[in-house]
Colleague: 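The structure under discussion is supplied below as structure tokens; questions concerning it will follow.
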Amino acid sequence: MVDNLIRTKGREGRRGYTLPKNDVDGTSLEKILPKAALRKEKPRLAEVDEPTVVRHYTNLSRQNWGIDTNFYPLGSCTMKHNPRANEVAANNPGFAGLHPLQPEAQAQGALQVMHELQGFLAEVSGLPAVSLQPLAGAQGELTSILMVKKFFEDSGDHGRTTVLVPSTAHGTNPATASMADFKAKEIGLDEHGCVDVDELRELVDETTAALMITNPNTCGVYERNIKEIAQVLHEAGAFLYMDGANMNANLGRMRPAEAGVDVMHFNLHKTFSTPHGGGGPGCGAIACSETLAPFRPDPAVEKDGETYSFVRPAQSIGRVAGFHGNFGQMLRAWNYIKMHGPDLRDVTDMAVLNANYVRARLGGTYQIPYDELCKHEVVVQPPKGKKALDIAKGLIDHGYHPPTIYFPLVVKEAMLIEPTETESKETLDDFIGAMLELAETTSEELEEAPTHAPTRRLDEARAARQLKARW
Ligand SMILES: Cc1ncc(COP(=O)(O)O)c(C=O)c1O
């Protein structure tokens with residue numbers, strides 16, 4: 001890119017910006033800097049004027065895709081609009097300028113936000129204790145399972161070696177179980193795409209530490225037997241952990257504690273907006289029962305009278321993040337909840353309505369493996385003879401980010417579509433129109449797609465594993 005800029009637009013001596021003259025008497029960089037640090041040759045930079053450099057980077061940014069560019073129905077990832085009011089809150093100099101080592105007495109406003117957010121999450125989950133430390137959903141999972149582990153260790157129950165994980169689970173679930181040094185055991189599904197309770201009864205025994213359930217699961221299906229599942233686990237002395245990455249479908253409608261959940265994580269960076277992508281920054285806050293509360297990470301925020309302070313829970317697993325976690329994300333989530341509160345049902349209802357609208361309109365042309373009311377996302381399969389990959393690439397030519405494909409793994413040629421609550425019917429109609437058009441397009445034509453994107457088809461696995469970043 002820069003090579004191209006140098007060759008086509010650059011001219012020796014052309015400048016967009018000039019550094020101010022050194023006005024400190026008697027000094028020069030050559031005198032101040034160690035000899036080894038001095039350049040021997042001029043850097044190879046494009047010598048261009050300001051309009052050229054602005055256009056160069058603006059055009060580069062336009063080749064990128066984001067929720068601000070167009071509809072982004074990436075199933076499981078909840079790419080919803082990030083309200084700009086969130087940014088105003090996060091950019092408030094009183095918050096943005098805080099140093100992580102600022103004494104508590106000088107950061108009472110920030111601690112108050114954290115304390116209130118803990119309270120909101122406790123209310124939404126029905127679970128009394130919260131930690132905002134984990135920096136991502138996957139880390140929230142790990143934190144939760146490490147708390148379960150420490151509970152058994154501190155109780156002297158050393159036989160709990162297994163964590164059960166449904167076959168629909170996000171890959172981070174079995175990874176979490178292994179990282180916490182448990183054996184991950186897979187559990188199958190019934191005809192509705194839900195955890196098979198009969199199989200669960202066979203698998204659960206005195207070695208079971210927990211089951212990691214996602215509700216609604218990654219097929220967008222509500223785990224209708226969750227209360228029975230919780231009972232089976234509790235009778236065996238094990239815990240029910242819930243992957244709450246899909247809380248977009250539950251807010252104000254289902255409180256996990258009432259279904260028997262002992263510990264869960266939230267993806268604040270999905271459920272409560274806040275930008276995410278490229279691995280972060282995120283916030284994978286956890287909520288848990290009184291039994292697990294003493295094991296939460298250090299620190300949690302508590303209020304005594306009018307004063308907020310950081311405290312270490314009695315049997316804490318320790319720190320899981322530097323300082324106090326991703327405070328900017330907490331502020332944004334706090335703001336989102338305040339904007340929608342006190343009743344977050346509108347968020348859930350619109351997310352579920354939008355997904356069911358897509359399901360109803362695509363059904364008949366696309367196959368719907370679990371064709372009943374879905375929650376906030378729907379899994380579809382392309383018409384016979386067509387591939388999910390080709391339809392996804394075709395969508396790029398129509399100006400859409402493709403949905404998640406080939407996940408969940410239990411559905412062949414899966415396309416997981418999550419419209420979210422922030423999209424209008426008009427946007428959904430346009431997207432559905434594109435999907436229906438692609439269903440009619442010949443496989444030969446589809447195999448050529450994308451034809452209007454900056455790059456054609458990439459070897460995506462190689463591009464990710466052998467990344468050659470240039471600027
Ligand atoms: C169901 C589910 N669980 C866990 C995660 C992990 O969250 P994160 O990407 O923040 O680590 C995701 C991510 O999208 C998810 O969809």
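Quick caveat: nothing in here was measured; it's all calculated off a predicted structure. Numbering of ligands and ligand atoms starts at 1, following listing order.
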Colleague: What protein heavy atom sits nearest atom 3 (N) of ligand 1, and how far off is it?
Modeller: Asp243 OD2, 2.6 Å

Colleague: Where is the nearest protein heavy atom to atom 14 (O) of ligand 1: which residue, which atom, and how far?
Modeller: Lys270 NZ, 3.2 Å

Colleague: Does Asp157 pair with Arg160 as a salt bridge, N-O distance under 4.0 Å?
Modeller: yes

Colleague: In terms of residue, atom name and distance, what is the protein heavy atom nearest to atom 4 (C) of ligand 1?
Modeller: Glu141 OE2, 3.2 Å

Colleague: Only one of Gln118, His115, Gln329 forms a side chain to side chain contact (heavy atoms under 4.5 Å, CB included) with Leu132, so which one is it?
Modeller: Gln118

Colleague: With a 4.5 Å limit on heavy-atom distance, are the side chains of Pro383 and Gln367 in contact?
Modeller: no

Colleague: Parallel under 30°, tilted from 30 to 60°, perpendicular over 60°: which one fits the rings of Trp65 and His401?
Modeller: tilted

Colleague: Under 4.0 Å, heavy-atom basis, I'd like to know which part of Asn173 is in contact with ligand 1: side chain, backbone, both or neither.
Modeller: neither

Colleague: Looking at Tyr222, is Lys375 sitting on its ring face, NZ or CZ under 6.0 Å from the six-membered ring centre and within 45 degrees of the normal?
Modeller: yes

Colleague: Give me the nearest non-hydrogen protein atom to atom 11 (O) of ligand 1 as residue plus atom name, then the distance to 0.1 Å.
Modeller: Ala138 N, 2.8 Å

Colleague: Considering the heavy atoms of Ala245, write down every atom of ligand 1 situated less than 4.0 Å from one of them.
Modeller: 1 (C), 2 (C), 3 (N), 15 (C)

Colleague: Indicate, as side chain, backbone, both or neither, the part of Ser76 found under 4.0 angstrom from ligand 1 when only non-hydrogen atoms are considered.
Modeller: both

Colleague: Are any non-hydrogen side-chain atoms of Met264 and Leu127 less than 4.5 angstrom apart?
Modeller: yes

Colleague: For ligand 1, find out whether one of its N or O atoms is nearer than 3.5 Å to an N or O atom of Asn267.
Modeller: yes

Colleague: At a 4.0 Å threshold, what atoms of ligand 1 neighbour a non-hydrogen atom of Ala136?
Modeller: 10 (O), 11 (O)

Colleague: Classify the angle between the aromatic ring planes of His324 and Phe310 as parallel (below 30°), tilted (30 to 60°) or perpendicular (above 60°).
Modeller: parallel

Colleague: Using a 4.0 Å heavy-atom cut-off, say whether Gln139 meets ligand 1 through its side chain, its backbone, both or neither.
Modeller: neither

Colleague: Suppose I only count heavy atoms of His269 and a 4.0 Å limit; which atoms of ligand 1 are within that range?
Modeller: 10 (O)

Colleague: Which protein non-hydrogen atom lies closest to atom 13 (C) of ligand 1, naming both residue and atom, and how far is it?
Modeller: His170 NE2, 3.6 Å

Colleague: Are Val113 and Phe95 close enough that some pair of their side-chain heavy atoms sits under 4.5 Å apart?
Modeller: yes

Colleague: Would you confirm whether any non-hydrogen atom of the protein falls under 4.0 Å from atom 7 (O) of ligand 1?
Modeller: yes

Colleague: Distance under 4.0 Å to a non-hydrogen atom of Gly137: what atoms of ligand 1 satisfy this?
Modeller: 7 (O), 8 (P), 10 (O), 11 (O)

Colleague: Would one find more than 12 heavy atoms of other residues, nucleotides or ligands at under 6.0 Å from atom CE of Met179?
Modeller: no

